[in-house]
Amino acid sequence: MSYWLFKTEPDAFSIDDLKNAPNQTTLWEGVRNYQARNFIRDDIKLGDQVMIYHSSCKLVGVVGIATVTCEAYPDPTQFDLSSDYYDAKATNDKPRWFVVEVTYKSHLNKLVSLKNIKANNAITELALKKAGRLSVMPVTKNDWNEIIAMSN
DNA sequence: GCCAACGTTGGC
DNA sequence: GCCAACGTTGGC
C-alpha cells in the first residue's frame, strides 16, 4: 500500500464536501499536470491512503484522510465542452487526463499546517517542503507517520 | 530542441 | 492582490 497527498482548494471542494458526498466518494477530477497525471494513471492503487490538503485558503495544511476506492480511468471533464477542464486535444481513443476515486475516511484531530510541516526536520521527502506546485504527490511512510503524529 | 514569453499555482 | 517559482507554448 502506498501513501499520497492530494491538494484541493476548500472553496471549490473541501474535506467536508467529501464527507458529505454521495457514498462519501468522489472522482478526483481536473488534475492537469503531467507529473500528477502519471501518478494517478500509473501508480495509485486500490486501498492506497491519501492525505487531503487544503490550499489557497486561510488555514493551509493537511486536514484529513481518504482511501482510494477506484483506480484510474479517463477524466470525463476533458471531454465536456462546458467544463473548465475541457481539453480539445483529448480523444476517447487517446485520453490525456485521468481520475481515481477516493472515499472519505477521517478528519485529523487537528489541521497540520504547512508551516509546521516545513518546520519539522523529521519530514524529509515530502515535495510540499520544496517549491512543489504538484497537486498529487507521493508521501513516504515515514513522512506520513510524522504528519499523523503532529495531528494528535 | 532551444529558450523567451506567457500563464498558472499557491503562499503570504 | 502580489509575486516568486515553475510549467507550457510556440517561433525559430
Side-chain angles (χ1 to χ4, degrees), chain A residues 2-21 26-44 48-68 71-102 104-140 142-152:
Chain A
S2 301
Y3 300 97
W4 305 94
L5 183 146
F6 289 5
K7 285 184 190 172
T8 185
E9 298 187 9
D11 292 345
F13 190 84
S14 71
I15 183 85
D16 294 314
D17 292 329
L18 178 60
K19 187 179 183 181
N20 294 325
T26 192
L27 292 70
W28 204 263
E29 65 188 21
V31 173
R32 294 293 181 273
N33 164 284
Y34 285 104
Q35 205 182 343
R37 188 279 309 271
N38 292 345
F39 288 133
I40 288 174
R41 187 189 58 188
D42 304 333
D43 300 321
I44 299 181
D48 283 0
Q49 299 295 109
V50 177
M51 282 178 165
I52 303 297
Y53 174 91
H54 281 175
S55 71
S56 300
C57 60
K58 203 164 185 182
L59 295 169
V60 169
V62 177
V63 290
I65 308 296
T67 304
V68 176
E71 293 182 8
Y73 60 91
D75 184 340
T77 63
Q78 71 194 302
F79 308 121
D80 178 359
L81 271 168
S82 67
S83 170
D84 288 344
Y85 300 123
Y86 175 73
D87 185 340
K89 292 178 180 170
T91 64
N92 282 301
D93 285 346
K94 284 199 168 181
R96 263 195 186 187
W97 309 111
F98 292 80
V99 293
V100 291
E101 290 180 11
V102 296
Y104 174 82
K105 184 172 178 184
S106 60
H107 278 64
L108 298 185
N109 291 327
K110 63 175 196 237
L111 175 141
V112 177
S113 69
L114 178 61
K115 190 179 166 195
N116 287 345
I117 289 171
K118 283 185 170 170
N120 184 345
N121 292 326
I123 296 172
T124 53
E125 304 294 325
L126 194 62
L128 268 183
K129 296 200 83 175
K130 298 155 196 164
R133 296 192 305 160
L134 203 54
S135 60
V136 170
M137 68 186 77
V139 181
T140 63
N142 173 72
D143 290 352
W144 178 281
N145 290 338
E146 282 293 330
I147 292 169
I148 296 295
M150 291 165 78
S151 73
N152 290 319

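In what follows, chains carry the letters A, B, and so on, assigned in the order in which the sequence lines appear, proteins first and then strands, with residues in each chain numbered from 1. Any value given below was found using the heavy atoms of this structure, including those in side chains, with hydrogens, waters and symmetry copies removed. Quick caveat: nothing in here was measured; it's all calculated off a predicted structure.
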Given atom [atom1] of [X] and atom [atom2] of [N], what is their separation to the nearest angstrom?
X        : N      : atom1 : atom2 : result
A:Asn33  : B:dT9  : CG    : P     : 10 Å
A:Lys118 : B:dG10 : NZ    : C1'   : 10 Å
A:Leu128 : B:dG11 : CG    : P     : 8 Å
A:Leu111 : B:dG11 : CG    : P     : 12 Å
A:Leu134 : C:dT8  : CG    : P     : 11 Å
A:Lys115 : B:dC12 : NZ    : P     : 9 Å
A:Arg133 : B:dG7  : CZ    : P     : 14 Å
A:Tyr34  : B:dT8  : OH    : P     : 15 Å

Requested in this report: Pick base, sugar-phosphate or nothing for A:Ser56, based on heavy-atom distances below 4.0 Å to the nucleic acid.
Outcome: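 Base contact.
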Report task. Considering non-hydrogen atoms only, spot the tightest contact between A:Val31 and A:Asp75 and give its length. Result ->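 So the minimum-distance heavy-atom pair works out to N-OD2, 4.3 Å.
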Query raised in the report: Do A:Trp97 and A:Tyr34 have ring centres separated by under 6.0 Å?
Result: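 Yes: the rings meet the under 6.0 Å criterion.
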Requested in this report: Report yes if the distance between the aromatic ring centroids of A:Trp28 and A:Phe6 is under 6.0 Å, otherwise no.
Outcome: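 For A:Trp28 and A:Phe6, the ring centres are under 6.0 Å apart.
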Query raised in the report: Using a cut-off of less than 4.0 Å, is there contact between a side-chain N or O of A:Lys7 and OP1 or OP2 of B:dG10?
Result: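 Result: yes.
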Report task. Could you tell me whether the phosphate oxygens of B:dG11, OP1 or OP2, come under 4.0 Å of any side-chain nitrogen or oxygen in A:Tyr53? Result ->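 Yes.
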Query - Distance-only donor-acceptor check, side chains A:Thr77 and A:Arg32, under 3.5 Å - result: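 Looking only at side-chain atoms, A:Arg32 and A:Thr77 do form a donor-acceptor pair, the distance falling under 3.5 Å.
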